[in-house]
Structure formats: structure tokens, C-alpha cells
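Comments concern the structure below.
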Amino acid sequence: MPRQRWKNHKKLLPKEHKILQQFCANTSIHGLNHIFEDGSLLFERIVWFLVFLSGVCFSGYFCWQMWQKWEQSPLLTSVETHLYPLRNTFFPAVTICNVNKVSQRKLYGAILDNPKFVNVSYIKLQSTLRYMTKLDRAINNEEELLRLGSYYEARNISALDLFRILKKTAPSCSDMVLDCSWLGLTEPCMQYFSFLPTDDGICCTFNGGKYFDTILDLDSKPLHEPLQVSGNGYRMGLTLVLDADLDDCSVTSGKFDGFKVLLHSPEEFPDVSLRGFVIGLGTETFVAVKATTSFYAEEVARQVSPNKRQCYVEGEKKLKYFQRYSRSACSVECDTQMMEDRCHCRPFFFKGDNQTKLCEINAYSCISEVYEDIHSRGDYCGEICNCLPPCSDTWYEPEISYASFPGRGFNRTRTFKRIVARHNLNPGPETKEYLKSNVAMLHVYYKEQTGMRYRTDIRYGIEDFISAAGGLLGLGLGMSFISVIEIIYYLFYRRLFLWLRSNWPKYRQSSIKAPTPIVPPYAVESVKFKKSPPSSPTVKPSTPSIWYLSLDGHSQLVRRGSNNLPAQIKARFSNIN
């Protein structure tokens with residue numbers, strides 16, 4: 001059996017070789033016609049084969065390079081303009097956190113006003129709030145946290161009760177801000193503030209976005225759209241006079257006195273403890289902001305996947321607890337999920353839903369370990385949850401400078417006069433000394449009249465890759481789109497068409513049949529008796545008629561001696577005679 005297969009294969013070899021020779025002789029690919037040319041020497045064939053092979057290697061290598069370039073860097077980010085108008089960007093949200101997290105005066109009042117905390121000592125509640133506002137204190141203090149948890153459980157004090165105490169005793173925005181000026185106007189500046197949880201306690205945010213938390217019963221809806229400005233300079237921005245009130249300190253989160261400030265997008269989560277900068281007391285700080293925006297072309301969202309472009313377009317990824325996507329908000333949700341998996345709860349400053357339990361005080365040891373583990377690994381949660389940056393985004397680069405405060409002429413300014421009148425202060429040396437030791441002044445404004453805008457566009461689309469690959473194949477081999485069709489034709493369809501060429505005429509002849517004459521019986525009988533046609537060309541009435549079927553399917557009547565008879569009918573009559 002194998003010998004028979006080999007014989008059959010040998011029979012096919014000449015035919016296959018002939019097809020290959022025909023392909024090489026007729027194709028537009030350069031060099032192949034010289035390899036299989038009749039009468040050429042072996043040396044010539046080898047040389048031309050090597051030339052053809054070098055063309056294949058040249059085109060293949062550079063086509064592979066183009067493919068890698070298209071796969072790895074399909075996008076191009078370039079500076080669209082240095083003169084992007086400020087009125088087209090939102091003013092940054094400014095989150096201000098007092099280093100003092102709890103007011104001593106308010107904490108005493110909260111203990112007296114709440115029946116659940118009447119029998120709780122000030123020192124114990126102060127220690128509890130210290131663990132809640134600074135997580136790194138809870139590391140390696142598991143035993144003390146367990147004792148506190150048992151203590152509050154015996155008195156039916158929940159994690160929500162402790163959060164309400166923290167919110168009630170934290171310095172409010174009206175406590176911290178002695179004077180507020182927006183675009184040179186004091187009203188309605190304070191209406192743009194919101195009092196919300198952050199990872200550095202409960203802080204004040206100017207120009208913040210919407211915040212909701214069903215468990216904590218927080219639903220902050222700003223009465224305004226995100227603010228915008230049309231000019232630069234500190235008079236066209238935010239000016240705050242901040243009071244730390246050192247005599248009212250109870251729980252502090254730092255080794256200094258003052259404030260921590262973060263500039264961020266209005267919808268972004270304020271992770272102040274990680275990214276905030278410090279404002280010391282007795283200083284006037286100027287924060288000149290450079291706004292930079294980025295956007296993407298429509299082709300980017302349509303043609304490039306998120307993994308290739310390394311960003312999300314608007315609406316491509318939805319967050320559970322934040323209305324607008326941002327990388328920090330995505331990381332917060334991922335951190336919350338990790339804490340819930342490992343500690344089965346979440347801290348008060350991470351958002352959640354009704355199914356996510358709020359952490360009791362004895363769980364803060366676990367939370368602090370997870371929190372430190374997350375940030376020791378860098379963007380660990382961002383990698384797990386695939387928290388890519390948004391393709392259209394705005395970020396703010398602060399340029400910070402400061403001077404001593406208050407200066408000699410501050411008591412003659414309108415700001416000083418407003419502070420004295422609003423808080424019933426004595427405009428004397430005591431007030432000036434208090435301002436120097438407890439107060440800081442902050443200016444946030446745009447440095448330039450315009451910002452920078454980046455554009456992300458397609459660097460190499462599929463049409464660019466095809467044209468580049470086509471040019472390389474044409475340069476190295478002389479190939480074109482028609483050459484590809486030729487290869488497919490000779491590989492798969494050439495033998496089929498050769499078979500059809502050889503067998504189609506036979507099939508066509510067998511399908512065409514000669515017309516069959518219809519001869520009435522009486523006509524055949526008359527032919528038997530009439531041996532020869534009449535000598536006279538006159539057709540007699542008694543001359544028999546012949547019926548036959550023409551090619552168009554119609555029967556026709558002709559006389560026996562008619563010259564219009566078809567050849568096959570005449571032949572049949574001659575056979576009958």
C-alpha cells in the first residue's frame with residue numbers, strides 16, 4: 001500500500017512542478033522567474049534564490065519592526081497649545097486639614113451632651129480618636145485596640161457613634177477660616193466649602209464635588225458648578241486666613257503646628273496624608289498653579305484598546321462610589337475592597353455601601369497593616385484593579401513660596417479690619433502676636449493667563465501599518481496586493497481551474513442533444529411506398545407531409561420533397577429508402 005501511494009505521488013509531482021513553474025514565470029514577485037527559467041544553470045538558480053531570500057529577510061525584518069512599533073506605541077501625545085484659555089478649565093479643589101483633628105472644647109461638650117458617652121473618660125475617647133485619625137499609630141498596638149473594642153462593646157457604642165463624635169468635635173470650616181476671599185469678594189466665599197472625611201481626618205474642601213455615603217449619612221451636594229476663572233494673579237483666586245487655635249488642641253496628627261493642603265480635581269478623592277503640602281503658622285503662602293489638560297482624538301477611543309493606550313476614555317470604566325472616574329478614586333475603591341476582604345470592614349474615610357460594614361476600633365490594627373502594605377508596594381491596588389489614568393484629565397502643578405506673617409503693614413489692610421470686626425478682636429499688640437503664633441495666610445491662584453494642553457492621537461493606525469508594510473514588501477520583493485491574490489490562486493484554486501478547462505468541453509457536449517423529429521405514422525407508411533420524389537416540382541395535394549421538432553421546441557410541417565428539410569431528417573429518409 002505505501003508503494004502504491006508513492007507511485008501516485010510521483011505521478012502528481014510533474015503536475016505540481018508545472019504549476020509552480022507557471023506561478024514563478026507569471027508572478028509579479030521579483031526573482032522567481034529567474035529561478036525556474038528553462039535552460040538556466042544551477043549556479044544561476046542558486047544566486048537568484050539567495051537574492052530572493054535576502055529580499056524576503058529584508059522585508060520580513062522591517063515589517064516585523066513596524067508591527068512591534070504599532071503594537072507597543074500606537075499613540076502619540078503631543079503639545080497642542082501653550083495658550084489654552086483658563087476659562088475652559090475648572091479651578092482646582094483646595095482641601096485644607098488642620099493638624100489638630102479634635103477640638104478640646106468640643107470634645108468635652110460631646111461627652112456631656114451624649115448619654116452613651118457620659119461614663120466614658122476624656123482620655124479614653126481622646127486615645128480612640130487618635131487611632132481613627134492617624135492609622136500608623138495602630139500598628140503593633142493590637143492589644144490596646146482589643147481592650148478599647150471590648151470597652152465600647154460593653155457600653156453599646158458602635159463605630160458609627162464614634163464617627164459622629166469625630167465629626168462633631170473636629171474643627172469646622174468656620175472655626176479654621178478667619179477670612180475668605182474669592183476673586184476679591186468675601187461673599188459668598190464660605191458657601192463653596194464642604195466638610196468631608198479624608199484619609200487625614202475630617203477636613204474642609206473648597207470647590208469640591210459631590211460626596212455621598214449612605215452608612216455615614218453624608219450627602220454633600222454643592223450648590224454650584226465647579227468654579228472657573230478667566231485671569232491670573234492672586235487677586236483672581238482664593239485667599240484664606242486660617243486659624244489653628246493652638247489652645248484648643250486635643251488630637252494632633254503631625255509633629256508640627258499648622259495645616260496640610262492638597263490641590264486636586266473637584267471630583268477626585270483628597271488623599272491629603274499622601275500628597276498634601278504643609279503650611280506653617282506665622283507664614284503667608286503663595287501657591288501659583290499651572291493647569292495642564294489632556295484630551296484624546298475620537299479615533300483613539302474607537303481604534304485603540306485601553307491596554308494599548310494606557311488610559312480610559314470617558315464612560316469606559318464606571319466606579320461604584322464616585323460619579324466621575326479618576327485614578328485616585330479607582331485606587332480608593334480598590335483599597336476598600338482589599339480591606340473588606342482582609343479585615344471584613346472599611347474605615348470611615350473610604351466610601352462604601354450598605355453591605356460594607358464600618359470598622360470597629362479593634363479592627364484598626366488590621367486596617368493600618370493593610371494600608372501600610374498597600375502603600376509600601378506603590379500602586380499595588382491600581383495594578384490589581386487596572387486603575388489607568390483618564391485620557392481626558394486636568395492636573396495642577398503648584399509652585400509654592402512663602403514669607404513671614406503678619407507683616408508690619410497688615411494691621412492697615414482691609415483683611416485685618418474684617419477679621420477684627422468679625423471676631424471682636426482688639427487691634428493691638430496681643431492680636432498681632434496671636435496671628436503670628438496661630439494663624440497662616442494662603443493664596444491659591446493661576447500663575448499664567450493660559451495653560452498647556454496635550455493631545456493624544458493615533459501614531460500608527462492600521463492603514464499606516466498596511467501602507468508601510470506594503471512599501472517594504474514592494475521595495476524588497478516587488479509584492480503588491482495582486483501578488484497576494486496570485487499566491488492564493490496558485491496554492492488553492494489553480495488545479496481546480498485546470499480540471500475545469502480539460503473537462504468542461506466534454507461536459508458541455510454531453511449536455512447538448514440533437515433534436516428528435518416527430519414523424520406521423522402515415523408519413524412513414526407513405527414513404528415506404530414512394531421510392532422516389534416526384535419528377536415534377538409541382539406539389540400535389542396527395543403528397544404526404546412530414547412533421548419534425550425544431551431546436552426551439554416548435555413542431556413544423558413540411559412536404560416530403562421540400563428542399564427546406566433539415567439535414568438529419570434528409571439523412572433519416574435516405575436510410576428509410
Give the C-alpha distance, both sets of side-chain angles, the deciding distance and a yes or no for salt bridge (charged side-chain N to carboxylate O under 4.0 Å, His left out) between Asp200 and Lys101.
-> CA-CA 8 Å; Asp200 198 42; Lys101 302 303 175 186; 2.9 Å; yes

Would you indicate whether Cys359 and Cys343 have their SG atoms under 2.5 Å apart?
-> no

If you measure from CD on Gln228 to CG on Asn207, what distance do you get to the nearest 0.5 Å?
-> 9.5 Å

Where the side chain of Asp257 meets the backbone of Val99, is there a donor-acceptor pair that is under 3.5 Å apart?
-> no

Only residue of Thr169, Asp248, Asp175 satisfying side chain to side chain donor-acceptor pair (under 3.5 Å) with Lys106 is Asp175

If you count the non-hydrogen atoms of other residues, nucleotides and ligands that lie under 6.0 Å from OH in Tyr454, is the total more than 12?
-> no

Return the minimal non-hydrogen interatomic distance between Ser250 and Leu107, and the atom names on each side.
-> OG-CD2, 3.8 Å

For Cys203 and Cys97, is the interatomic SG distance under 2.5 angstrom?
-> yes

Report yes or no: is the cationic atom of Lys351 (NZ for Lys, CZ for Arg) under 6.0 Å from the centre of the six-membered ring of Phe322, at an angle within 45° of the ring normal?
-> yes

Run the side-chain contact (heavy atoms from CB on, under 4.5 Å) check on Asp243 and Met176 step by step: do they pass?
-> CA-CA 5 Å; Asp243 185 10; Met176 283 194 296; 5.9 Å; no

Verify whether the ring centers belonging to Tyr402 and Phe286 lie closer than 6.0 Å.
-> no

Can you establish whether the number of heavy atoms outside Arg422 located under 6.0 Å from its atom CZ is more than 12?
-> yes

Just checking, Arg235 and Tyr445: is the charged tip under 6.0 Å from the six-membered ring centre and within 45° of the axis?
-> no

Tyr312: side-chain hydrogen bond (donor to acceptor under 3.5 Å, both in side chains) partners, not counting sequence neighbours | Asn386

